[in-house]
Amino acid sequence: MHPRSTRISVNYFALSAVLAVNGQKDTELATALYIPTHDLRIHDNPCLTRVAQFDTACIALIYDPRWFKPTRYQTKSIGPKRWSFTIQAMEGFHTACEGLGNKPVLRTGEFVAAVNRLVQESGAQTLIMSRPVGWYECEQLISIQAANPALQIEMFDTYTLFSEGAHTWLAEKLPRQYTPFRRSAEQADTAAPMAAVESLPPSALQSEDEWSFAAQDVFSLDFIGTEQAGLEHLKQYLHCGAASHYKETRNALSGWSNSSKLSLWLASGSLSVRYVWQSIAEYERTHGANESTQWLYVELLWREYFQWLARKLGTQLYRFQGIAKRQPLTSFYAHRFRAWCSGTTGEPLVDAIMHELAQTGYISNRSRQIAASYCVNELQLDWRYGAAWFEQELVDYDVASNWGNWQYIAGVGVDPRGGRRFDIRKQVAQFDPEGDYVRHWLGSELTKSVALDVVDAADWPLAR
Ligand SMILES: Cc1cc2nc3c(=O)[nH]c(=O)nc-3n(C[C@H](O)[C@H](O)[C@H](O)COP(=O)(O)OP(=O)(O)OC[C@H]3O[C@@H](n4cnc5c(N)ncnc54)[C@H](O)[C@@H]3O)c2cc1C
């Protein structure tokens with residue numbers, strides 16, 4: 001549980017407990033306000049299952065202009081690529097809810113103020129949301145509860161395999177390293193996906209939309225953000241048999257089916273991780289389990305570990321000294337950072353990776369490791385600037401996985417070896433020996449090495 005949430009007594013509900021008490025529709029329930037965040041889907045959505053029990057409901061999709069303002073790292077919380085993908089996910093969700101009998105309203109404004117306004121206008125007694133992972137999102141919920149003391153806040157675990165309170169090793173006894181966590185998780189049953197709702201209660205609020213999908217700038221992406229596209233992708237990935245070779249191919253720098261690409265839809269919540277887990281298990285029953293199919297669980301458990309770690313760490317997830325409380329020997333150098341972001345460091349493999357990221361919004365796990373290691377170890381940059389750049393650029397940005405992995409590479413995270421330095425020459429020899437990857441993303445744009453000692457004070461970013 002969020003350490004500060006008890007201070008203002010946010011009410012945490014486990015869906016199973018609510019259903020066990022109520023059995024069926026609660027006669028006292030009147031109006032619910034549901035704000036989807038990382039749960040833009042109809043399948044396996046415990047929030048929607050709960051909404052369906054109310055007499056009326058207001059479902060609202062909020063657009064907060066502050067997402068597009070520069071952060072303290074001079075980057076944005078969300079860049080054009082992820083925004084385009086998210087818009088598709090939101091629009092698909094909007095259409096699906098309307099088909100089930102409840103048309104969501106589109107609201108804009110600073111998130112907390114927008115929710116407070118919706119509570120008043122809809123007359124909702126209950127706010128339903130996915131349990132947040134990031135510190136900032138937790139703070140927002142606390143502010144909403146403080147402004148609306150009578151409001152019942154119910155949170156559901158839509159983003160993780162396990163549910164809050166299910167095991168002590170998810171919370172107070174969360175191991176400081178991944179392996180013991182994985183061993184415990186492998187012994188436990190993950191929560192089964194829920195059936196999709198068949199209808200929704202009528203809307204509690206008839207009002208003009210304050211923003212529109214059509215007015216948003218669209219970045220042309222190679223993948224579509226809707227729930228339907230995510231489900232179809234999972235089906236195709238399993239159907240083509242790539243899961244049975246995953247362990248041999250997962251480290252490749254590129255190649256659509258060399259890894260699952262599920263992160264794209266998992267991050268926006270248009271795919272349920274519980275549904276993915278169950279689908280892999282079904283695949284194993286029909287096609288047989290092997291080291292590769294088993295390795296997919298190992299990686300999904302990395303994702304799971306980072307989610308619970310982020311909840312436990314709070315703001316420590318974003319601190320320079322990280323969880324290890326070790327001061328890295330790095331700093332901020334504006335020209336090096338600019339060169340890294342724009343793929344003009346002069347190191348062809350790193351530059352190619354950063355070009356791929358800029359053009360597509362996705363890079364492989366190996367590419368992320370190489371780019372992050374170069375940023376921290378060779379350019380000696382403060383790892384948080386790299387993490388913030390990935391936050392802006394990645395379509396599959398996930399607060400816990402991103403900042404947790406960056407801490408790991410920077411040597412201030414949960415890595416028992418205290419950081420990872422990837423030798424670029426070895427990486428090239430192993431993963432791009434013929435130079436195909438570099439040629440594809442850099443073409444003739446090979447750049448000169450960046451001079452590490454050119455610093456202009458005027459280039460330093462201003463603190464917020
Ligand atoms: C510096 C850095 C930053 C990263 N930032 C993100 C991020 O913002 N969002 C994100 O989803 N992943 C992040 N990752 C983890 C990983 O690179 C991606 O999850 C993976 O590349 C996504 O591609 P895929 O779905 O094909 O993965 P696959 O190899 O097919 O793995 C299956 C699933 O397991 C999970 N997974 C795999 N590797 C990891 C890992 N190291 N940590 C956590 N989960 C993992 C993902 O949910 C992924 O979809 C980061 C890794 C590094 C090194």
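This is a predicted model, so every value here is computed, not measured. Order of appearance sets the numbers: ligands from 1, and atoms from 1 within every ligand.
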Nearest neighbour in protein (non-hydrogen) for atom 32 (C) of ligand 1: Ser260 OG, 3.6 Å
Arg420 to Tyr408 - nearest heavy-atom pair and separation: NH2-OH, 3.2 Å
Of the listed options Ile409, Thr249, Asn402, closest to atom 3 (C) of ligand 1 (non-hydrogen atoms): Asn402
Any N/O pair Trp406/ligand 1 closer than 3.5 Å: no
For atom 29 (O) of ligand 1, the protein heavy atom that lies nearest, with its residue and separation: Tyr246 OH, 2.5 Å
Any Ile409 side-chain heavy atom under 4.5 Å of Trp383 side chain: no
Tyr362 six-ring face occupied by Arg368 cation (under 6.0 Å, within 45°): yes
Ligand 1 atoms in contact with Tyr397 (distance to a heavy atom under 4.0 Å): 8 (O)
Any Leu40 side-chain heavy atom under 4.5 Å of Glu227 side chain: no
Proximity of Tyr408 to ligand 1 by residue part, where a heavy atom lies under 4.0 Å: neither
Closest to atom 26 (O) of ligand 1 (judged by heavy-atom distance), picking from Ser259, Ser263, Ala410: Ser259
Nearest-neighbour protein heavy atom for atom 18 (C) of ligand 1, which is reported as residue plus atom name and distance: Arg368 NH1, 3.8 Å
Residue portion contacting ligand 1 (non-hydrogen atoms closer than 4.0 Å) for Leu394: side chain
contact_flag Gln369 ligand 1 heavy-atom lt 4.0 Å: yes
Positive for side-chain contact (heavy atoms from CB on, under 4.5 Å) with Arg41, one of Leu271, Thr158, Leu231: Thr158
Where ligand 1 meets Tyr362 - atom numbers and elements under 4.0 angstrom, heavy-atom basis: 21 (O), 22 (C), 23 (O), 24 (P), 26 (O)
Electrostatic pair Arg421-Glu378, nearest N-O below 4.0 angstrom: yes
Ring-face cation contact, Phe68 with Lys76, 6.0 Å cut, 45° max: no
Side chain Ser401, main chain Arg303, donor-acceptor under 3.5 Å: no
Shortest non-hydrogen contact between Ile280 and Thr293, atoms and distance: CG2-O, 4.3 Å
Interfacing atoms of ligand 1 (cut-off 4.0 Å, heavy-atom, Asp398): 7 (C), 8 (O), 9 (N)
Protein contact to atom 33 (C) of ligand 1 [nearest heavy atom, distance to 0.1 Å]: Leu300 CD2, 3.8 Å
Charged tip of Arg274 within 45° of Trp277 ring normal and under 6.0 Å: no
Atom 15 (C) of ligand 1: the protein heavy-atom neighbour that sits closest, reported with distance to 0.1 Å: Asn405 ND2, 3.6 Å
For atom 21 (O) of ligand 1, closest protein heavy-atom neighbour: Asn365 N, 3.3 Å
Nearest protein heavy atom with distance in Å, relative to atom 47 (O) of ligand 1: Arg303 CD, 3.2 Å
Where ligand 1 meets Asp396 - atom numbers and elements under 4.0 angstrom, heavy-atom basis: 7 (C), 8 (O), 9 (N), 10 (C), 11 (O), 22 (C)
Residue and atom name of the nearest protein heavy atom (relative to atom 36 (N) of ligand 1), distance in Å to one decimal: Glu299 O, 3.5 Å
Atoms in ligand 1 with a heavy atom of Phe306 nearer than 4.0 Å: 42 (N), 43 (C)
Part of Val273 within contact of ligand 1 (heavy atoms, under 4.0 Å): neither
Electrostatic pair Arg50:Asp39 at N-O distance under 4.0 angstrom: no
Lys/Arg-Asp/Glu bridge criterion (N-O < 4.0 Å) met for Glu347, Arg425: yes
